[in-house]
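Data first, discussion second: the structure below is written as structure tokens.
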Amino acid sequence: MTTYIGLIPAIPFLGFLILGLYGQKMHGKIAGYIGTGAVGISAFLTFMVAARYLNGLPEIKSYTVTLWQWISAGNLNVNISFSLDALSLIFIFVITFVGFLIHMYSIEFMAGDERFSKFFAYMNLFVGSMLVLVLANNMLVLYMGWEGVGLCSYLLIGFWYKEPENGYAARKAFIFTRVGDTAMILGIFLLFLNFGTLNIHQIMQQAPEKWMTGSAIATVTAALLLGGALGKSAQLPLQSWLPDAMAGPSPVSALIHAATMVTAGVYLIARTHILFALAPVVQTAVAVIGAATLLIAGFSALAQHDIKRILAYSTISQIGYMFLALGVGAWSAAVFHFMIHAFFKALLFLGAGAIILALDEEHDIFKMGGLRKKMPVIFITYLVASASLAALPLVTAGFYSKDQILWYSFSSQSGGLWLWIAGIFGAFLTALYSFRMVFITFYGEAKTEPSMKVGKLILIPLVVLAVLSVLGGLVELPQAWGNFRPFSNLLHNVLPATTIHKKEGLEVVFELISATIVLIGVYLAYLFYIKKPWLVKSYEHSRLNEFFYRGWDFDKVYDVLLVKPIVWLAEIDEKDFFNWFNTGVSKVALFGNRVLSLTQNGKLRWYLMSFAIGIALILTYMIYR
Amino acid sequence: MILIDLIIVLLIGAILAWITGKWNSVLPRIISLAALVVDLFLIIPEVVGAATNQTKWLVDIDLSWIPAFGINLHLALDGLSLMMLLLTFFMGIVSVIISWKEINKRVGFFHFNLLMTLTGVVGVFLSLDLFLFYFFWELMLVPLYFMIGIWGHKNSTAVAYKFFLYTQAGGLLMLISILALYFIHGQTTGVYTFDYLQLIGTKMPASVAFLLMLGFLAAFLVKLPMIPLHTWLTEVYSEAPTAVLLSALLLKTGAYGLFRFVVPLFPFAARSFAPVGMVLGVIAILYGAKLAFAQTDLKRLIAYISVSHVGFILLGIFAFNEIAYQGVVMQMLTQGISTGALLIMAEQLSERLHTRDINQMGGLWEKVPIMGTIGLIFTMASLGLPGFGNFIAELLVLLGVFKTNVTAAVLASLGLVAAAIYSLRILQKVFYGRKSKNWEIHDLSIREKLVAGSMIIIIVGMGLFPKPVLNIAKPVVLKSLNTQNDSAFLKSQESKTKVMAENTCFLKPLNR
Amino acid sequence: MLTVPLKILLLFAGTLFLLGLAGLLVRRNIIFMLMSIEIMLNSAGLVFIAAGRHWGQPDGQVMFIFILAVAAVEVSIGLALILQVYHHYKTLDVDAISKLRDHN
Amino acid sequence: MTETDFLSLTPLLIITIAPVVIMLIISIYRKYEIIFGFSLVSLLTAFVSLFIVQPLLPHRIDHLMVFDLYSLFFLGIIFFSAFLIMLLSHDYFKHLEGFREEYFIILFTATLGASLLAVANHFIIFFLGFELLSISLYILIAFQKKKDYPLEAGIKYLILASVSSAFLLFGMALIYTALGTMGFQGIADAISKMGVASPILVIGFGMMMVGIGFKLALAPFHMWTSDVYQGAPAPVSGYIATVSKGGVMAVFIRFFFDIKGFSNQDFFIVISAIAIFSMFVGNLLAIRQQNLKRLLGYSSIANMGYLIIILLIGNNDGARAAIFYMLSYFVTVIGAFGVISLLSTKNREAEKIEDFKGLFWKRPWIAIVLTLSLLSLAGIPLTAGFIAKFYVIFEGVKSGLMLLVFSMIINSVIGLYYYIRVIAVMFSTGEETTKLPSLSIIGNVALTMISISILILGVYPGWLIDMIMKLVAL
């Protein structure tokens with residue numbers, strides 16, 4: 001068991017090493033098969049581990065494997081060790097399984113790229129790092145994975161490096177997340193100083209004993225960790241890197257910027273939920289940030305033209321839901337939504353990628369249209385995913401996960417009406433923009449002809465993910481419906497159940513409300529984008545929409561507040577102010593030299609004069625002291 | 001005797017290289033490589049000892065040199081010096097290999113200077129006699145001066161002056177402090193000696209100790225270099241030939257000096273200097289980062305990166321705890337390698353492109369993917385990505401500092417963000433983007449790959465398995481922290497000391 | 001016999017010395033400069049003699065004889081050099097002989 | 001005169017007789033090599049005789065002279081330096097036209113003058129040595145009387161040295177007037193008995209300072225230095241920089257220590273001021289100097305500035321440091337001038353720094369010697385100058401002369417700049433411009449001796465310092 005846990009991240013790393021060192025020499029798609037195979041083995045191992053884990057329940061709730069001692073300095077002892085519990089099990093399942101599908105997809109998607117093997121190397125490195133992140137049983141090891149995925153994100157966003165914009169997007173992503181990471185490492189320091197260990201399990205055990213609920217130290221620590229989570233998960237105010245990150249290839253967007261890495265923040269908060277519970281202020285902030293983010297991103301998604309940017313904003317918005325759930329203490333609901341979101345969002349990105357590939361790098365949905373008949377499989381899967389995203393009642397997995405969040409946002413201890421209103425309005429927006437996307441892309445008249453047919457390696461992952469997007473929700477049904485909840489039961493080994501402060505029966509009512517609203521949203525999308533497009537013509541061109549389009553001008557604010565001053569500061573002093581010291585000293589010396597040199601004029605009588613003056617000075621001093 | 005052998009091997013190698021250089025240009029290279037490899041193998045056995053022996057000096061030689069002044073040829077090896085020596089020899093070998101083809105005029109004399117510089121460096125790392133230390137400290141300057149001046153780029157002569165003058169000025173101030181310490185010790189105990197071990201714990205009034213410490217700091221902070229004494233470094237980096245990545249090594253002598261001499265000799269003064277030291281460290285980190293971001297000359301940029309990194313060393317040293325000190329030791333090693341590697345890359349680029357201006361580069365990944373990958377790896381290392389040794393170093397330093405001074409740690413951690421900004425700028429400008437010109441350049445040769453590969457292995461190795469290093473450093477770290485604890489008892493006696501020292505009258509007033 | 005007080009002699013010698021110095025600074029002809037030096041040397045001799053008498057010792061006069069001898073040697077060498085200078089420069093103006101100098 | 005008097009005078013007698021014999025030889029058979037050989041042997045004999053004399057010490061000859069280990073050491077330094085200079089002169093004067101054998105005669109008389117200064121214990125000997133040295137130097141400087149530079153240098157030195165002698169004499173006369181004695185001991189006793197110094201005495205000491213300051217080239221009496229160094233033949237410049245200064249320094253230290261000048265606050269401050277002023281003036285003047293001889297002249301101003309710090313230390317340690325410093329400084333400077341004289345040809349002096357461009361690649365051996373010398377002047381380890389400077393700073397710190405030590409350090413850095421500037425030129429890649437003369441065996445021997453001395457003093461100075469410490473006491 002423990003060997004397998006170690007092997008799960010190790011195999012993708014091995015794949016990375018092989019591809020990194022020898023990839024250049026591999027012909028054809030071999031590199032792709034190796035990369036996919038590595039993740040596939042990991043996925044297989046994950047299934048085995050999962051089976052054993054479930055078998056071992058409820059006696060053994062977590063397994064730990066220590067590989068080697070990493071750091072030992074003073075009282076800081078850090079081991080490279082992994083531990084597997086229900087939470088990380090779900091994450092590694094999503095990472096390896098969805099990762100495997102996306103790798104498979106990439107073999108075809110990236111075929112012919114001159115850096116084919118590099119791509120798979122980076123992807124394998126990513127999967128490995130992500131697995132380290134979620135398996136880590138130590139904050140520092142977690143941080144290692146955390147930064148590792150950041151690196152891969154950077155590399156993959158800038159994968160097509162020849163376009164400078166891609167490079168800039170990659171840099172932006174890295175720096176934004178780095179800001180969060182720095183807050184996080186400070187939080188880790190605080191943990192270490194207070195608990196003398198970085199072992200997550202021990203910290204979580206000691207925290208409630210050592211720290212009072214709402215104490216300053218707990219609040220600061222939780223806030224710092226939250227900083228890391230905000231950066232990685234693209235939440236307010238560090239969200240604006242994610243839309244730009246779409247510069248990467250579509251599988252990258254699917255894997256990193258939809259399914260896995262961006263949800264690392266969710267994982268972190270869930271993992272350290274005890275700290276957040278000790279800091280109610282911060283926890284509330286998580287909920288508020290989540291709610292605000294989901295709305296802001298929802299509006300922006302509605303304004304985009306680029307299919308991938310729509311999905312990017314949608315991702316931000318959906319992670320906003322997860323944060324909302326975390327903020328109200330609905331830990332398992334957040335994780336549930338994470339999983340379902342991974343399925344349908346990965347599917348959306350992969351579908352979008354397939355479309356873009358077929359249409360020769362066309363990103364603008366208004367230049368697509370009518371693709372329904374030309375790419376039926378893609379259409380159906382895309383439709384399924386969008387429905388799931390929009391949380392179409394009953395038939396989609398998204399409905400189950402999102403409605404659980406909406407319900408808890410109202411009913412849980414720290415939930416409330418306003419959070420729920422934000423959530424429900426967000427749901428409306430989600431329905432609207434996701435079906436806007438579907439209708440514009442697949443209906444109407446065809447504006448661009450697909451230049452190629454996509455192959456099986458692309459279609460298989462789409463279908464598998466589509467199935468999951470529909471059926472995935474069945475692992476967790478609303479309480480009112482017979483209380484079939486294996487998912488949260490599993491998670492309750494790690495995460496506490498959500499306490500509900502409202503009447504249980506209300507849930508059905510709320511579900512009806514949200515279902516209605518979603519349906520209204522879908523209908524309005526149909527109305528606006530198929531039936532009567534003129535209705536929204538004026539809005540589409542309004543300043544407000546432009547504002548949403550630009551992502552609420554966050555970039556502009558950062559530009560004015562941070563980028564410009566820094567660049568200015570750099571430019572005014574490029575030559576290094578401290579050089580005055582050198583130039584000053586040498587000027588003084590040269591001046592002295594010139595002056596003294598004048599006295600050395602070769603004139604004998606002048607020299608005699610200096611004798612006379614010298615003796616005069618000496619005698620004057622000695623006599624009239 | 002092994003320690004003397006180390007020095008003698010280098011000296012003989014130096015002379016042989018020079019002599020043979022008259023007839024053949026390959027022989028000197030082989031000779032200096034051989035000398036370094038021999039030295040490396042000579043000390044490798046000590047590594048085993050270092051891992052087990054936790055208290056004493058591993059090797060200790062004490063011979064009389066100038067008895068009239070109490071000057072001895074006292075060389076000793078402990079974990080810290082052992083690691084610094086390993087780094088020295090490794091970097092020495094790297095620079096010989098790197099300069100194998102690049103240096104093709106006056107090869108013999110070049111290698112003479114290279115080995116002489118290394119002799120000085122090795123001497124500095126081994127000396128336990130302050131005079132001897134100063135001797136080696138000064139000794140390494142001249143050959144280095146020649147290397148910069150003769151084999152450097154356009155302005156190298158002027159740069160070499162600057163370097164020489166700066167370090168010399170610092171060194172002379174240190175000399176005064178050494179002498180003053182010698183006399184104070186002599187006057188209070190009657191034993192006139194330059195021996196480091198005996199001078200530790202010399203009793204003196206706090207104000208005097210502070211002044212003397214400033215003298216030492218002058219030498220070490222120039223070498224580090226600390227802002228505002230850093231300007232020589234940027235120019236040396238930009239003008240010196242590749243092999244003067246040795247200069248990256250020289251910086252370590254400054255850090256080593258702080259570690260070995262300032263803290264143990266002046267425990268209280270160092271403590272009272274700590275706030276200033278920390279401020280300087282933070283300034284170095286941030287100001288260095290800021291300037292690195294502003295540069296367009298690749299090598300100057302790297303120089304400022306190194307200024308920024310050195311801030312961590314300074315910060316860590318004045319944190320006075322074990323974690324930070326371990327971090328400092330790590331930082332000394334890893335920064336040497338990562339900055340060295342970046343410098344090598346920069347030199348390889350500028351040699352191929354005939355420009356160092358990053359605005360003229362761009363899109364080079366396509367042409368030189370291997371170099372790009374290596375550049376990427378070391379950029380990531382230098383921005384402190386986990387998995388590389390630099391991360392461990394910066395983490396430990398920050399953590400240690402965090403323990404003692406939260407503000408400094410928080411400000412310094414801004415350096416991590418800044419590091420991301422300037423480091424990625426290198427990648428963006430050099431390797432990413434469109435090709436600015438149709439460069440016709442070749443990728444790394446096998447020789448260059450070998451060097452880069454070994455450096456990658458070491459830096460990753462230190463990132464993933466830093467424990468051997470930390471273990472070897474541990475006794476040293478504890479030792480230098482213990483002198484501070486010992487001095488807790490001194491403090492109680494300080495009032496007594498003060499009277500005594502005033503009687504002995506260190507600074508004779510002009511009462512004639 | 002009239003005795004001149006030491007003070008007067010010292011003042012006289014001092015004046016001579018200053019005159020010699022002034023002559024050196026004012027005159028440009030090397031021969032005159034040489035003469036001024038002679039005056040300075042002799043003023044020193046005068047002090048020696050005066051002091052010797054004051055202390056009733058022969059030392060002062062012994063010293064004076066030395067001074068005379070030395071001055072003679074100096075002048076002879078000086079004149080030899082002046083001769084060469086005149087051959088070479090065709091002038092005795094000391095300011096003209098200033099090729100050795102810092103060149104700015 | 002007793003037998004011991006004579007015996008202890010042996011070294012001086014040898015170098016007194018030598019020039020007479022040379023004159024005789026010249027009149028019989030004028031042959032350069034023979035004269036040269038004889039001179040060398042005489043000087044060597046004189047040097048060796050120092051060891052014979054040593055057991056007789058200390059010995060005084062009336063009030064006039066004193067033979068103790070201090071003076072013996074100085075005599076040794078003077079003879080050794082003169083010996084080296086003689087070796088280096090061989091090639092230089094061999095090429096000259098006309099009579100050149102007389103050079104050695106004058107060299108002996110000059111050395112005799114310096115030696116007299118080293119043993120002087122009385123104003124008469126002081127003055128005699130001083131003048132003997134000066135007058136010999138006039139001739140040496142203007143030895144090539146047909147050339148304009150040496151002539152000009154000769155005239156300048158003649159006038160200025162005479163003036164300084166006049167000052168010295170006048171000062172001596174005033175002191176004699178005030179105290180009624182001319183022996184150093186007598187003066188010291190008289191001063192210690194006297195309560196307040198009379199103005200005459202003060203003026204006397206002040207005027208003596210001019211004389212001594214001139215000879216040591218201390219600011220503000222320094223201006224002749226580089227003109228004369230430039231004009232004189234290179235070996236003679238070396239001689240002025242070393243032997244002449246050595247003699248004057250010897251007597252100055254003895255006199256100053258005898259009268260306990262360092263404990264007089266006036267002297268202390270005046271000499272400190274002169275020292276600091278000399279260091280700065282010398283070093284600043286040298287910064288941009290393009291002529292190596294002038295540069296060495298300026299550097300000697302600064303070096304004498306460092307050296308008189310020792311005067312203020314005022315104890316045996318100071319005297320010992322002075323001896324060590326002078327020895328290493330002399331060897332070093334002779335090395336530098338030696339290189340110049342060996343590279344000079346009949347018609348031109350190799351004095352421009354550009355003349356040395358790329359020297360290292362053309363004539364590595366000679367360039368190494370010059371490099372060693374310059375590094376030693378700069379005080380870089382492995383060379384004598386390092387230990388010497390260390391020694392001076394050592395004693396300075398010990399006596400708490402912090403201001404002086406700090407200005408010495410600042411100046412060391414400035415000095416470093418121009419020394420390495422020359423080195424840089426030697427190591428730069430120059431095109432073949434000037435044709436360099438080839439070295440004779442004698443020149444090579446001299447250079448080897450010099451470099452070995454520099455290195456020995458730099459690497460293993462322990463034995464010498466021990467010896468100095470054991471033997472020398474004032």
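Keep in mind that what you see is a predicted model, and the values were worked out from it rather than measured. Letters A, B, ... are given to chains in the order of the sequence lines, protein chains preceding strands, and every chain is numbered from 1.
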Option in [options] with maximal non-hydrogen atom pairs under 4.5 Å from chain B:
options: A/W68, A/W146, A/F174; value: A/W68
options: A/A183, A/G148, A/G167; value: A/G167
options: A/N166, A/I566, A/L76; value: A/L76
options: A/D181, A/V585, A/L190; value: A/L190

Need one label for [X]: side chain, backbone, both or neither, based on atoms under 4.5 Å from any heavy atom in chain B.
X: A/I185; result: side chain
X: A/I71; result: both
X: A/W70; result: both
X: A/F192; result: side chain
X: A/L186; result: both
X: A/Q24; result: neither

If you define the side chain from C-beta out and look only at heavy atoms, does anything of [X] sit under 4.5 Å from [Y]?
X: A/Y161; Y: B/L427; value: no
X: B/M380; Y: A/Y154; value: yes
X: B/F293; Y: A/V567; value: yes

Choice from [options] maximising heavy atom contacts with chain A below 4.5 Å:
options: B/K467, B/E322, B/Q326; result: B/K467
options: B/P466, B/P369, B/G463; result: B/P466
options: B/T234, B/L414, B/V417; result: B/V417

Nearest heavy-atom neighbours spanning [X] and [Y]:
X: A/R178; Y: B/G384; result: NH2-O, 4.1 Å
X: A/T182; Y: B/S413; result: CG2-O, 3.3 Å
X: B/K403; Y: A/N75; result: NZ-OD1, 3.4 Å

Worksheet item: Is there a donor-acceptor pair under 3.5 Å between the side chain of A/R171 and the backbone N or O of B/Q428?
Response: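 Side chain of A/R171 to backbone of B/Q428: no pair is present.
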Segment of [X] engaging chain A (4.5 angstrom heavy-atom cut-off):
X: B/L376; answer: side chain
X: B/L416; answer: both
X: B/F431; answer: backbone
X: B/I392; answer: side chain
X: B/T373; answer: side chain

Worksheet item: Taking it one step at a time, do A/F189 and B/L395 satisfy side chain to side chain contact (heavy atoms under 4.5 Å, CB included)?
Response: CA-CA 9 Å; A/F189 289 168; B/L395 172 91; 3.7 Å; yes
Worksheet item: Looking at CD1 of A/I175 and CD1 of B/I421, how far apart are the two atoms once the value is rounded to the nearest 0.5 Å?
Response: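 CD1 of B/I421 is found 5.0 Å from CD1 of A/I175.
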Discussion item. Sort by residue number and list every residue of residues 125-145 of chain A having at least one heavy atom under 4.5 Å from chain B.
Written reply: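 The stretch touches chain B at A/L140, A/Y143, A/M144.
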Worksheet item: In residues 113-120 of chain A, which residues are in contact with chain B at a heavy-atom separation under 4.5 Å?
Response: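 Near chain B, by residue number: A/R115, A/K118.
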